[in-house]
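Order of the sequence lines fixes the chain letters, A, B, ..., with proteins taken first and strands second; residue numbering starts at 1 for each chain.
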Amino acid sequence: MKAKVYITPKQGILDPQGVAIERSLPALGFEGVANVRVGKYIELELPAGDGAADEVDKMCHKLLANPIIEDFRFELETE
Amino acid sequence: MKAKVYITPKQGILDPQGVAIERSLPALGFEGVANVRVGKYIELELPAGDGAADEVDKMCHKLLANPIIEDFRFELETE
Amino acid sequence: MTASSQTKASTARFGVVVFPGSNCDADSHDAVNSFTGAEARYLWHKDTELAGLDCVILPGGFSYGDYLRCGAIARFSPIMKAVRRFAEDGGLVIGICNGFQILLEAGMLPGAMHRNAGLKFVCKLVNLRVENAATPFTRAYAPGQRISIPIAHMEGNYFIDAEGLAEMEQHDQIVVRYCDEAGEVTMEANPNGSLGNIAGVCNRDGNVFGLMPHPERVCDPVVGGADGRGVFESIMDFLVNKR
Amino acid sequence: MTAKPAYELLGLKAREYDDICARLGREPNYVELAIFSLMWSEHCGYKHSRPLLKGLPVGGDCILQGPGENAGIIDIGNGLAIAMKIESHNHPSAIEPFQGAATGIGGIVRDIFAMGARPIACLDPLHFGSLEKARQKFLLDGVVAGVAAYGNCMGIPTIGGEIHFEDAYEGNCLVNVMCVGQVEHDGILKASAHGEGNLIILFGSTTGRDGIGGASILASAEFDESAGEKRPTVQVGDPFTEKKLLEASLEMRDRGLLVGLQDLGAGGLSSSASEMASKGGSGIDMDIARVPLREAGMEPFEIMISESQERMLACVTPGNEAAALAVCAKWDLDATVIGKVTDTGRLRIFRGEEMIGDMPVAALVDEAPTYLVEPVRPRHEVDEPLAEDHYPPPEDPAAVLLKLLASPNICSRRWVYQQYDHMVQTNNALWPGGEAAVLRLKGRRDGVALVTDGNGRRCYLDPRRGARAVVAEAARNLSCTGARPVAITNCLNFGNPEKGGIYHQFKEAVEGMTEACEALETPVTGGNVSFYNESFGKAIYPNPVVGMLGVVDDVDRIARHGFAGDGDVILLLGSGRPAVDGSEYQLRIHGEVAGRIPDVDLELEKKLQALVREAIREGMIISVHDVSDGGLACCLAESAIEGGRGAVVELDDAGDGADGSGPRADIMLFGETPGLVVATVAGDDLERLRQMAGDVPLRVIGRTGGERLVIKSGGRELLSVPVSDAAASWENALEKMMQGT
Ligand SMILES: Nc1ncnc2c1ncn2[C@@H]1O[C@H](COP(=O)(O)OP(=O)(O)O)[C@@H](O)[C@H]1O
Ligand SMILES: [Mg+2]
């Protein structure tokens with residue numbers, strides 16, 4: 001089964017990348033863009049099963065995300 | 001309105017981060033995980049309007065993704 | 001217009017572009033001024049005028065923090081339009097490290113950069129083999145010569161698709177590759193996972209050159225070597241003695 | 001349950017609260033209370049350290065700025081000066097190693113350019129628990145990546161530092177960071193706001209809630225499970241903005257726009273504004289409604305104590321306001337006039353028209369209460385060293401050598417420094433991996449050498465002797481490159497000073513450091529104190545870390561430590577009886593830390609170092625290396641590995657101690673003592689060197705050459721190891737440990 005993991009900087013935590021992109025957009029002709037936040041999007045495949053959600057949750061906590069400064073959520077898809 | 005942009009490494013193209021994560025998972029007790037791909041997830045707000053989808057598409061083409069190594073897709077949400 | 005055949009060493013003029021976040025700008029500037037007999041001046045990334053210059057250096061560093069992707073934001077700086085025109089008119093453009101990444105993002109050189117295979121920043125002296133010693137940037141070296149130049153980057157893992165690679169090979173655009181002490185291009189000698197150990201490439205016309213290693217860091221034996229001087233000597237030779 | 005009073009929740013004692021009321025002549029409101037609690041925290045107020053720090057030697061002909069400013073400044077001649085400062089970021093790094101280390105670099109770099117100096121180097125002394133634990137690998141990996149990410153992006157080479165692994169740091173790693181900058185005498189800036197009517201400009205990043213109750217609170221309390229709850233206070237570093245901040249600050253200075261400049265560090269706006277007013281003998285009125293915010297709905301007290309990174313305060317005359325703002329705009333930095341200088345001696349805070357805080361600057365900055373604690377000598381500190389036969393001798397000294405070379409405390413640090421851009425700015429005359437880093441100064445003949453040194457294990461056994469040894473070793477390392485030690489900065493890492501045992505360690509260490517700095521004429525130019533380095537009630541080893549600056553007169557005449565030729569004479573310079581107490585050998589092979597470390601003879605040390613420097617200057621020294629962790633055998637092995645050639649060493653003609661009975665073979669090989677240096681010279685130079693040595697003991701112990709390191713004593717071979725085996729043990733040990741293989 002496939003897992004899609006979305007990782008975003010925690011609210012209130014500085015996101016230097018987002019700020020830099022936001023500041024550069026007007027020069028490229030994109031006006032009025034705000035609140036740019038840059039996170040990660042991870043796809044992976046794992047063995048299907050009841051425990052899959054638990055597994056992915058653990059994976060996020062331990063490795064994929066940094067829970068101290070990042071939030072995450074994920075979706076599971078069975079093909 | 002809010003745009004959610006998903007950027008993924010192009011199929012068939014090496015993804016060093018994905019490879020590294022995949023390799024380190026077994027040692028952390030996660031077996032059988034495959035095809036880990038690490039991409040980016042970008043959220044931003046922009047003025048609502050008919051042209052919004054076009055705008056975001058352009059932004060992705062021009063700046064947010066590198067078409068040589070990355071694919072992208074996005075969703076628009078009106079709150 | 002670019003250099004005329006009357007250029008003398010003392011009148012060759014280099015421009016070093018300063019983007020917000022550039023940090024090897026001063027090193028490149030110093031290398032030119034100390035070892036070529038030519039004169040370098042800084043160009044602000046908002047400048048749009050390159051008249052009177054013979055060579056433009058896009059220096060190393062972290063333009064715009066290297067946020068999003070290395071070079072992705074810098075390539076939209078106002079000066080890049082002028083740099084593109086300058087190159088189209090035959091001017092010499094060299095991108096070192098971050099400058100190389102910017103040239104890739106700008107499409108002025110083929111290919112793209114991934115994160116290093118080891119995922120870590122790597123700063124060390126590496127060996128390079130000069131694959132094409134006919135470019136304006138490498139003519140002071142012998143073909144096949146092994147030179148020692150440091151790298152310092154997180155994203156120097158060069159990639160291009162098979163088609164693009166074949167085309168580059170056909171046109172001799174691969175200028176330097178990572179090699180070992182003996183000059184052999186081996187897997188062990190590849191510090192970052194680059195396709196085919198590619199360390200530097202040029203455009204088809206040969207007047208735009210990008211490389212990850214830092215020649216400006218080894219122009220003075222006091223700080224660890226002088227193998228990088230050849231790049232600047234090549235440029236001077238090209239400008240002064242011409243094509 | 002009775003609710004705790006607000007002051008207590010903010011970490012103030014009842015007596016301190018009364019003190020504040022007395023100074024204000026009324027009860028403080030919440031904004032004021034929050035500000036006082038910050039300024040009177042241990043981190044900002046130096047409550048337990050100030051009285052003892054007063055004893056440190058701070059004067060000297062070359063000292064342009066001693067403690068009291070953002071960094072110390074040392075004159076190195078011909079109009080140029082060096083700014084330097086070291087700081088700890090221990091607690092933030094223990095919570096989030098990458099960001100903790102990154103913002104640590106950010107903070108110390110700001111201190112340097114706040115003085116008007118352009119940063120030319122960073123160094124990072126680090127201490128972790130044993131690498132056998134996954135958590136410690138995670139910490140090391142993250143800290144190194146964080147230092148790299150920030151320093152590399154700034155274009156400041158990280159050229160030195162050190163790493164120690166000891167169980168004592170398992171719950172509380174030490175991440176100290178040092179920055180060094182160069183500045184023309186007439187370019188030096190001070191953190192002073194003076195001139196009534198002058199303006200205060202805040203520039204750089206926006207202000208958010210990050211770090212509220214961050215560094216200063218973390219650094220002023222013990223560290224345990226509840227630390228997890230403080231996580232939302234983690235600060236994220238933005239080196240790109242800092243790079244622009246650096247360039248904008250120096251550009252404003254170059255254009256003569258600045259009256260004073262100050263960084264925002266621990267304590268945020270509260271601390272920076274009050275310190276600027278204090279140094280200028282003035283007051284400041286400021287309007288927090290003008291502070292650009294990152295988040296909606298921030299309370300006034302939050303704005304005042306936020307520790308958002310990458311911000312600076314400038315004091316400018318009204319006439320220069322527009323020009324200063326234009327420089328910030330050029331560098332794409334937010335900049336806002338948030339206040340003005342007054343002659344009131346008070347920090348007054350407004351929100352628009354409304355005054356919401358009014359405090360005497362002196363009370364905030366200079367009048368935090370100080371505490372003296374009754375020192376108690378801990379029981380593990382003993383008067384006598386261990387008997388020489390305390391441990392059984394090892395059966396195979398060669399195996400011991402290989403094991404020590406692979407020790408995480410001794411093996412190659414390449415895995416670390418390769419992640420740092422140590423070459424940017426192209427000044428490295430000596431690359432990482434040697435005794436100390438040497439930087440040339442462009443356009444000049446002379447250069448600077450830099451080193452950090454700390455040794456908690458030795459200080460644990462004897463904090464006074466340990467601190468003396470640390471200063472002496474830092475100086476010795478510099479001298480071994482040919483540099484003359486000039487001045488130090490220090491980072492004092494200790495446990496909870498309210499405990500008598502810890503206070504004893506602190507006091508002894510500060511006094512030991514004072515003695516050594518006086519003897520070696522290396523005054524203290526500033527530093528930092530980090531207390532409460534404890535977890536679950538257990539303190540780290542007391543660890544005064546020293547960052548030392550040296551000056552080389554000629555960067556073409558510096559020495560390296562690798563054996564550089566065959567048939568050179570190997571000399572042992574200096575004296576000192578090696579001891580097992582506190583050594584790496586004791587820890588690694590015998591699994592203990594016990595006994596009493598030998599003391600350094602500072603008078604002899606000074607002569608020894610002068611001799612080494614002179615011999616280098618005279619071109620007589622071919623290689624030189626001081627005897628340190630792992631003793632004489634490891635010292636010789638390191639020189640052999642570096643030089644790619646072996647040596648044959650005979651200790652029998654020299655190994656006897658003064659009383660005629662030499663140390664046991666294993667202790668002679670692996671024991672440690674300060675004050676010994678191994679040098680190689682050409683046979684022809686030997687006599688001249690003997691003349692020069694005067695009363696510095698000099699013993700010929702062998703010759704370089706061959707493919708093995710052979711050490712004999714009394715005709716008996718103690719060990720014989722192929723240099724390639726030694727190199728194999730030493731070279732990749734850290735990588736292997738990090739990869740868990
Ligand atoms: N261990 C020490 N030795 C000497 N001076 C010290 C020491 N610790 C702190 N200082 C000095 O006290 C002053 C205040 O330190 P600190 O609050 O850390 O400064 P900053 O806020 O600029 O980092 C500085 O000038 C510093 O050099
Ligand atoms: Mg400061």
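A distance of 8.5 Å separates CZ in C:F159 from CG in B:L14, rounded to the nearest 0.5 Å.
C:G111 and B:I68 make their closest contact through O-CD1, 3.4 Å (heavy atoms, listed as atom of the first residue, atom of the second, distance). Here the shortest heavy-atom pairing between B:P16 and C:A117 reads CB-CA, 4.3 Å. Summarising the geometry of B:L63 relative to C:A72, their closest heavy-atom pair is CD1-O, 3.6 Å, with the distance given to 0.1 Å.
Heavy-atom pairs under 4.5 Å with chain B were tallied for C:G164, C:G118, C:G193, C:A112; the largest tally goes to C:A112.
Looking at C:L104, there are no atoms closer than 4.5 Å to chain B (heavy atoms on both sides), in backbone or side chain. In this structure, the portion of B:I42 lying under 4.5 Å from any heavy atom of chain C is its side chain and not its backbone. In this structure, chain B has a heavy atom under 4.5 Å from the side chain of C:L119, while its backbone stays farther away.
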Looking only at N and O atoms, which donor-acceptor pairs between chain B and chain C are within less than 3.5 angstrom?
| unit_1 | atom_1 | unit_2 | atom_2 | d |
| --- | --- | --- | --- | --- |
| B:L14 | O | C:H114 | NE2 | 3.4 |
| B:K40 | NZ | C:L68 | O | 3.0 |
| B:K62 | O | C:R75 | NH2 | 3.0 |
| B:L63 | O | C:R69 | NH1 | 3.2 |
| B:L63 | O | C:R69 | NH2 | 3.0 |
| B:L64 | O | C:R69 | NH1 | 2.8 |
| B:N66 | ND2 | C:E105 | OE2 | 3.3 |

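By the ring pair (Phe, Tyr, Trp, His ring centres under 6.0 Å) test, C:F100 pairs with no residue at all, sequence neighbours left out.
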